[in-house]
Amino acid sequence: MRVLACLLSALLLVGCSDDPERPATTPERSPSAGDEGATRAAEVAAPEAEATAAAEATAPSLPDRFEALATLETRRHAASDEWGTDARYDRIVHPDPDVRRRLDALLEELAREVLRRGYGGCQVSLAQAHLVSVRCALRVEVRGGIELEGFAQHLAIEDGELRPLTEAELFTDGTDLGALTHERCVTRAAALDAAQGEYVSYPWGEDGCREERAVAALTPTGVSVVYHLPYSYPDQHETPERIEIELPYEELRAHIRAGGALGAALSGRDPRAPPPVAEDAAGAWAVTPFRTEPELIERWSSLPTDEASSLRLERWRGPLVRFVTLTRPPEALAAHFDATARPVAVTDSSALLPVRWARTTSDLNLRATPNTGQRSRGTLPAGAHVVAIGGELGARGAWSGTWTMFGHGWIAARYLAAPDACVPSRPDGFGPATLVSRVSVIGRNRRRDAAVYVRPEGTGTVIAIHALAADGCAPAEALFTTRLPGRARDVRLTTTARVGGTTMLVVGIPREHAATYRAFVLGQREPVWTYEATEASEEAIRLGESVGEQWFPVSYGEREGYGTVTRRMRWTGSALERVEPPAP
């Protein structure tokens with residue numbers, strides 16, 4: 001359905017704006033995707049309608065009477081972020097252990113998508129061996145209240161793999177579930193509005209019942225269409241937040257595609273994959289099946305640079321993605337992902353996003369969404385290597401989706417550049433989920449090229465600084481190593497003196513509504529400074545500040561009364577000491 005396609009695309013597309021510090025709202029096709037590849041993809045694009053028509057031609061007709069669809073067992077779980085916020089979601093007890101593992105990863109990723117944008121949860125509305133439907137709802141804090149949103153994901157399970165389904169594959173051409181339920185929504189909204197009394201009024205009819213706000217999910221007996229309240233206020237939690245309308249399958253008989261996954265389920269058949277596309281008609285090859293983005297990015301990060309750069313990421317309805325190549329023989333690349341390449345039709349070449357290594361040009365916040373008003377998911381040091389998806393490196397007014405050890409986030413593209421040289425290889429014990437930063441460090445009055453490695457380990461974080469070998473790519477001797485409790489979300493470097501001195505590593509680990517900061521000097525195992533930051537001061541940590549003739553390796557803001565006071569720390573030769581502000 002056009003409605004859900006818009007909602008889901010809004011979760012994932014990269015956008016741009018005139019100001020890199022403002023959220024991007026307009027999708028931008030990156031020239032890095034390659035005009036030649038895009039042209040070739042457009043020339044060989046095969047309409048989805050042809051595959052659908054072939055499936056319809058051989059599909060049995062729908063049964064005379066619909067029975068309620070049988071379902072698999074589901075179990076409630078919670079996904080948590082580093083601040084302790086939970087998003088509840090269902091896991092499906094699927095009989096195939098491989099499918100169950102992939103479903104678990106997908107459903108958890110859907111819940112984490114909710115956490116990235118706000119708070120809420122996801123619920124499996126239909127769970128079968130070959131057909132799954134999930135609906136998520138989230139609350140996003142906005143000025144003046146809370147905005148409620150929703151999105152859905154439908155899946156076919158074929159040969160042990162998950163395939164995202166579009167509304168067009170489930171229903172006949174022209175079916176609009178929002179239009180079919182609009183009048184009923186308006187009628188129920190009027191009754192709700194009247195029941196609230198004169199002091200509470202909701203714009204259901206003119207805003208809440210807009211067809212594009214409808215979010216549909218499959219259930220055992222019909223299609224459930226939900227309209228979410230456009231906005232709410234903290235003191236109105238007892239009031240209705242949504243209108244739900246269920247369309248029984250019998251009522252939708254004329255709209256159900258007999259050759260689709262839903263028609264097959266209602267007929268008691270296993271849904272069949274669409275006919276394969278002939279290789280000479282495709283021009284593109286899927287190197288992987290649809291998987292969750294973290295899983296594929298982790299494998300991608302261990303590919304040689306030239307091979308990695310030949311792949312494009314295709315996002316299609318939700319967090320499931322796959323790698324596609326237009327120019328290289330795909331067999332060896334597919335083997336790297338333990339997959340088999342197959343020809344595919346590319347109907348939208350702009351959906352194929354370039355994936356490449358990039359480096360940060362300064363210390364940067366990794367944002368949960370492309371908006372500086374959103375909370376930071378972590379602070380990256382200058383020279384950090386990240387996986388950038390889409391966008392144009394260095395472009396003003398654009399954001400780039402990125403993957404780091406901190407997970408997925410957004411960085412203003414103007415602060416990203418191509419790596420100066422190779423991405424340093426990882427020492428033993430540091431795998432694909434490692435944050436790697438190429439830096440210059442000073443120890444014992446000697447400046448050396450080095451790399452900082454940060455990786456999660458259980459409930460803690462391991463951080464190591466290694467000198468780099470002469471080729472600048474391989475790690476040599478370890479200069480510093482530590483393991484800290486908790487997951488680091490701020491890793492930066494400074495120096496004990498304005499000129500020379502010793503390199504100092506500052507690490508922040510979040511706690512509930514706060515964070516613990518520790519500072520280490522190269523050559524010393526114990527921290528030289530520990531600070532319990534409050535929520536108000538967590539992002540006020542500044543490194544390397546010069547005031548007059550004095551150099552302060554660390555400064556931070558601390559709430560005092562109705563304002564914030566800057567506290568500055570100077571190096572004494574063995575520890576950081578707070579400098580008291582001059583008396584008024």
### Parallel, tilted or perpendicular: ring planes of Trp300 versus Trp357, cut at 30 and 60 degrees
tilted

### Query
Under 3.5 Å, is there a donor-acceptor pair linking the side chains of Trp403 and Glu293?
yes

### Task
State whether the side chain of His466 and the backbone N or O of Leu479 hold a donor-acceptor pair below 3.5 Å, judged by distance alone.
no

### Message
Check whether Arg315 reaches the backbone of Arg322 with its side chain - one donor and one acceptor, N or O, closer than 3.5 Å.
### Response
no

### Query
So, does Thr503 use its side chain to make a donor-acceptor pair with the main chain of Ile442 at under 3.5 Å?
yes

### Parallel, tilted or perpendicular: ring planes of Tyr453 versus Phe430, cut at 30 and 60 degrees
tilted

### Message
For Arg542, is there an ion pair with Glu545 - N to carboxylate O distance below 4.0 angstrom?
### Response
yes

#### Entry: Pairing of Glu457 and Arg455 as salt bridge, 4.0 angstrom limit
yes

### Query
Is it true that Arg438 and Asp420 make a salt bridge, defined as a side-chain N closer than 4.0 Å to a carboxylate O?
no

#### Entry: Glu295 and Arg102 ion-paired at < 4.0 Å
no

### Message
Taking the basic N atoms (NZ, or NE/NH1/NH2) and the acidic carboxylate oxygens, is any pair closer than 4.0 Å for Arg448 and Glu477?
### Response
yes

### Query
Can you tell me how far the CZ atom of Arg518 sits from the CG atom of Asp490, to the nearest 0.5 Å?
13.0 Å

### Task
For the pair Ser440 (side chain) and Asp449 (backbone), establish whether a donor and an acceptor sit closer than 3.5 Å, ignoring hydrogens and angles.
no

#### Entry: Student check: side-chain heavy atoms of Thr292 and Pro319 closer than 4.5 Å
no

### Query
Does a side-chain heavy-atom distance below 4.5 Å link Trp410 with Thr402?
no

### Message
In the structure I gave you, are the side-chain heavy atoms of Pro294 and Glu109 within less than 4.5 Å of one another anywhere?
### Response
yes

### Task
Would you check if the side chain of Thr288 reaches a backbone N or O of Phe323 as a donor-acceptor pair within less than 3.5 Å?
yes

### Query
Do Arg487 side-chain atoms and Gly458 backbone N/O form a donor-acceptor pair below 3.5 Å?
yes

### Query
Is Asp90 salt-bridged to Arg76, cutoff N-O under 4.0 Å?
yes

